[in-house]
There are 2 protein chains.
Amino acid sequence: MQSFTYSIPTKIFFGKDQVNVLAEQIREFGGSRVLLVYGGGSIKRIGLYDTVTKILQSNNIPFFELAGIDPNPRIETVRQGIQLCHEHKLDFILAVGGGSSIDCSKVISAGYYYENDPWDLMIGKVKASQGLPLGTILTLAATGSEMDFFAVISNLETHQKIGLGDPVMFPKFSILDPTYTYSVPHNQTAAGTADIMSHTFENYFSSEKGAYLQSRLAEGILQTCIKYAPIAMRDPENYEARANLMWASSLAINGLLSLGKERKWTCHPMEHELSAYYDITHGVGLAILTPHWMEYVLNDSTAADFKDYGVNVWRLNSEDDSYKTAHLAIEKTKEFFTSLGLPSKLHEVGIGEENLLVMAQAVTKNGPIGEFRHLNTEDVYNIYKAAL
Amino acid sequence: MQSFTYSIPTKIFFGKDQVNVLAEQIREFGGSRVLLVYGGGSIKRIGLYDTVTKILQSNNIPFFELAGIDPNPRIETVRQGIQLCHEHKLDFILAVGGGSSIDCSKVISAGYYYENDPWDLMIGKVKASQGLPLGTILTLAATGSEMDFFAVISNLETHQKIGLGDPVMFPKFSILDPTYTYSVPHNQTAAGTADIMSHTFENYFSSEKGAYLQSRLAEGILQTCIKYAPIAMRDPENYEARANLMWASSLAINGLLSLGKERKWTCHPMEHELSAYYDITHGVGLAILTPHWMEYVLNDSTAADFKDYGVNVWRLNSEDDSYKTAHLAIEKTKEFFTSLGLPSKLHEVGIGEENLLVMAQAVTKNGPIGEFRHLNTEDVYNIYKAAL
């Protein structure tokens, strides 16, 4: 097990009607004037917009809106949010939605105290000194952004989609009410689950063998996704299913599974190129790539890990040969995603051969990715091609 | 899954030589004059006392010592610590040791700002308003006190051993260096593991069936204890084993497994009476009581939970009948503790019939305990008796 620092300052208020703590929590973190960040109409459809604005109004907390955050949030929107904060002297950011609204809010928070263009933060030109306090109300179990310090922002001009991690971007609090995900449509429940599982896989499959505890916890999160995603799709208002998926989304990426291991992800960066070029749903891209990546990296040095996965998560026969169990576990993974209605090939989402090489080059522009098995440009290209 | 608030402000510095952050972290939390709290000679034997005092001296941080904390720390010592803080104008408490030194330090911290006797806090007469900042350096994987807000303090005059939980008692930081546990003797490694497993069982066996994720995480912690305790006993300087046990100790009780379930423990309060009356090691008492408690609470409504335990933790045959698997899982639990050299009967630690009834009455003085299966005075007495 590698050395690590574990520090998650985000307070989680989990359960039905936890939104009742909102005003008190905003005040606790010094908020008096709020930037309200959200995406499309879904929070209005489920009545959450009304609930939140009524709470703010009845507590005399003025707010200004930054609405229409894109599924892959853009740097232009971040710039706009920072400007709104300065213009209206706002001192607190409240993100209501899924990972996009939260990620966008995080970079608004970090960019607020930086006098130049916030894209500088994303490309690592400068490091944020501090952030405007941020709270979130989650409406989609997927990215885990509600309890981590990462944000992914796209720059359509430069064809870049970049992830940034910085402790100043931790939300101060997040409100996780599973009932807000009752109306999440089938395809988003499925894609969100693929995202949670992919975060887990990225940490689970590792060359660090001494972080046994973290691997067992990862298996618990995978089992939870496998059990509850089908239930949530069959019965969208099943509280137990929505609650387990929601808490799994936070725990999959908040450090619990990654600390003690090396954090060098593969499917995520490979997918970021897909959605930077084709604007597909992140979780859909992950569901397509993951089983192909698994087959590609399966070899003598990784077979035992895939066997563990098969035995501990899919309850396959522990007496069988490693390769047999590994292949079966990968097949189970693919079948599971397909059973959720997710595609298993790139052509199903309109991606052809046209950009495979340039995307593979972009993924590996700073050298090979991954540490479970290092992947160079050719490897990434081969995985894309297998997924066609 | 029940509603909950998750908020763990404690920063964890995990790994070899993390003690190097000590001075900087004390200063970060406003510390300039330190109360150094520790138990017996073990921290001197392993050189940790020298390391810590040299760091404090070379950083010009004066310190005063409160040494000789008992395995079951006493309210007298707490009083003494508070007096030292006032007398020498100390503004930071540093606990170096296991759960006893940390628990004692927590109540010194909470009692510092209270003008009357700190026992008032323990018996719930008053609630602490704030605490003196506290940091810990852990030398024993067992209680999890390094990352939670609980403390257990004994009052020998009144024959009371009371647990108190209060967010003001969260350590600001804890340094977890697995090499500090290399010299932990066999019997303490065993008892510490029983304590970690008991914390896990207390949360795992619950009438709340909707917290599936938490139960799977609990199984991961149990598997970790079962794998690594024997390795740590056979090969005390095995870093991987010590690291996994140490991190398991923190995660077993910091809320990860309990939040979303009702927290009404049984074996712990039953054991507290044993160690209040007989001053036995907490983990030893737990190892004795746990399998007897399991057999006692096994019935038609709990058999499925014990089967899950058997199948998921002990890898028993999932095709077998629930009762068969349950009994086998309980037998495995008992055998495991015995294999670690722990006793399985009360008479082995010198406990006879003499106080069973009065202890059973004390455990249940506020009504039945537990929620997995409610236990009244007679039930507790029966379990003690079965364990004789």
Side-chain angles (χ1 to χ4, degrees), chain A residues 1-18 21 147 173-178 208-225 227-228 238-248 250-252 254-256 259-260 311-313 315 318, chain B residues 1-18 21 147 173-174 176-178 208-225 227-228 238-248 250-252 254-257 259-260 311-313 315 318:
Chain A
M1 195 184 296
Q2 298 183 7
S3 297
F4 61 84
T5 304
Y6 183 100
S7 171
I8 304 179
T10 306
K11 280 165 80 172
I12 299 291
F13 296 92
F14 193 101
K16 201 164 166 349
D17 296 328
Q18 289 280 22
V21 305
M147 203 180 178
F173 66 84
S174 286
I175 293 170
L176 275 58
D177 180 339
E208 169 63 54
K209 307 305 178 203
Y212 179 92
L213 173 54
Q214 289 86 333
S215 294
R216 301 293 82 72
L217 300 180
E219 288 160 359
I221 289 182
L222 293 170
Q223 289 171 281
T224 302
C225 292
K227 178 180 169 82
Y228 286 110
N238 185 306
Y239 185 86
E240 182 177 319
R242 295 296 194 178
N244 275 278
L245 289 173
M246 195 172 233
W247 193 216
S250 305
L251 297 185
N254 73 353
L256 194 65
L259 294 169
V311 171
N312 297 338
V313 174
R315 296 288 185 242
S318 63
Chain B
M1 196 185 295
Q2 298 183 8
S3 298
F4 61 83
T5 304
Y6 183 100
S7 172
I8 304 180
T10 307
K11 281 165 79 172
I12 300 291
F13 296 92
F14 192 101
K16 202 165 164 355
D17 295 329
Q18 289 280 23
V21 305
M147 203 181 178
F173 66 84
S174 286
L176 274 58
D177 181 338
E208 169 62 55
K209 305 304 177 203
Y212 179 92
L213 172 55
Q214 288 87 333
S215 295
R216 301 293 82 72
L217 300 179
E219 287 160 0
I221 288 181
L222 293 170
Q223 288 170 283
T224 301
C225 293
K227 178 180 170 79
Y228 286 111
N238 185 306
Y239 185 85
E240 182 177 319
R242 294 297 194 179
N244 275 277
L245 289 173
M246 194 173 234
W247 194 215
S250 305
L251 297 186
N254 73 353
L256 195 64
L257 310 186
L259 294 170
V311 171
N312 298 337
V313 174
R315 296 289 185 242
S318 63

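Scope of the values below: all heavy atoms of this structure, side chains included, with no hydrogens, waters or symmetry mates. So you know, we letter chains A, B, ... as the sequences are listed, proteins then strands, and number each from 1. This one's a predicted model, so the numbers in the text were calculated from it and none came from an experiment.
Taking every heavy atom of both residues into account, B:N312 and B:R216 meet most closely at ND2-NH2, 3.8 Å. Nearest heavy atom pair, residue B:A241 against residue B:N238, reads N-OD1, 2.9 Å.
No part of B:A218 comes within reach of chain A, as not one of its non-hydrogen atoms sits under 4.5 angstrom from that chain. Of the atoms belonging to B:Q18, it is side-chain heavy atoms, and not backbone ones, that fall under 4.5 Å from chain A. With a threshold of 4.5 angstrom between heavy atoms, A:T10 approaches chain B through N, CA, C or O but not through any side-chain atom. Contact of B:L251 with chain A is made through the side chain alone, with heavy-atom distances under 4.5 Å. Interface remark: B:K227 contributes side-chain atoms only to the contact with chain A (heavy atom separation under 4.5 Å). Neither the backbone nor the side chain of B:S318 comes within less than 4.5 Å of any heavy atom in chain A. With a 4.5 Å cut-off on non-hydrogen atoms, B:D17 does not touch chain A at all. Of the two parts of A:D177, neither the backbone nor the side chain holds a non-hydrogen atom closer than 4.5 Å to a non-hydrogen atom of chain B.
If you take CG on A:L213 and CG on A:L259, they are separated by 11.5 Å, rounding to the nearest 0.5 Å. The structure places OG of B:S250 at 5.0 Å from CD1 of B:I12, a figure rounded to the nearest 0.5 Å.
In terms of heavy-atom pairs under 4.5 Å with chain A, the best-connected choice from B:Y212, B:Y228, B:W247, B:Y239 is B:Y212. Between chain B and the options A:G260, A:S7, A:C225, the largest number of non-hydrogen pairs under 4.5 Å is found for A:S7. Contact tally against chain B (heavy-atom pairs below 4.5 Å) for A:N244, A:L217, A:L256, A:T5: the top residue is A:N244. Heavy-atom pairs under 4.5 Å with chain B peak, among A:T224, A:V21, A:L245, at A:T224. If you tally non-hydrogen atom pairs under 4.5 Å between each of B:K16, B:M147, B:R315, B:E219 and chain A, the highest count goes to B:R315. Note on A:G15, A:G210, A:G220: by heavy-atom pairs under 4.5 Å with chain B, the leading option is A:G210.
By the 4.5 Å heavy-atom criterion applied to side chains, A:F13 and A:F173 are counted as neighbours.
A donor-acceptor distance shorter than 3.5 angstrom exists from the side chain of B:E208 to the backbone of B:M1, with no hydrogens or angles considered.
Between A:F4 and B:F14, the ring planes are parallel. Angles under 30° get that label, and only those over 60° would be called perpendicular.
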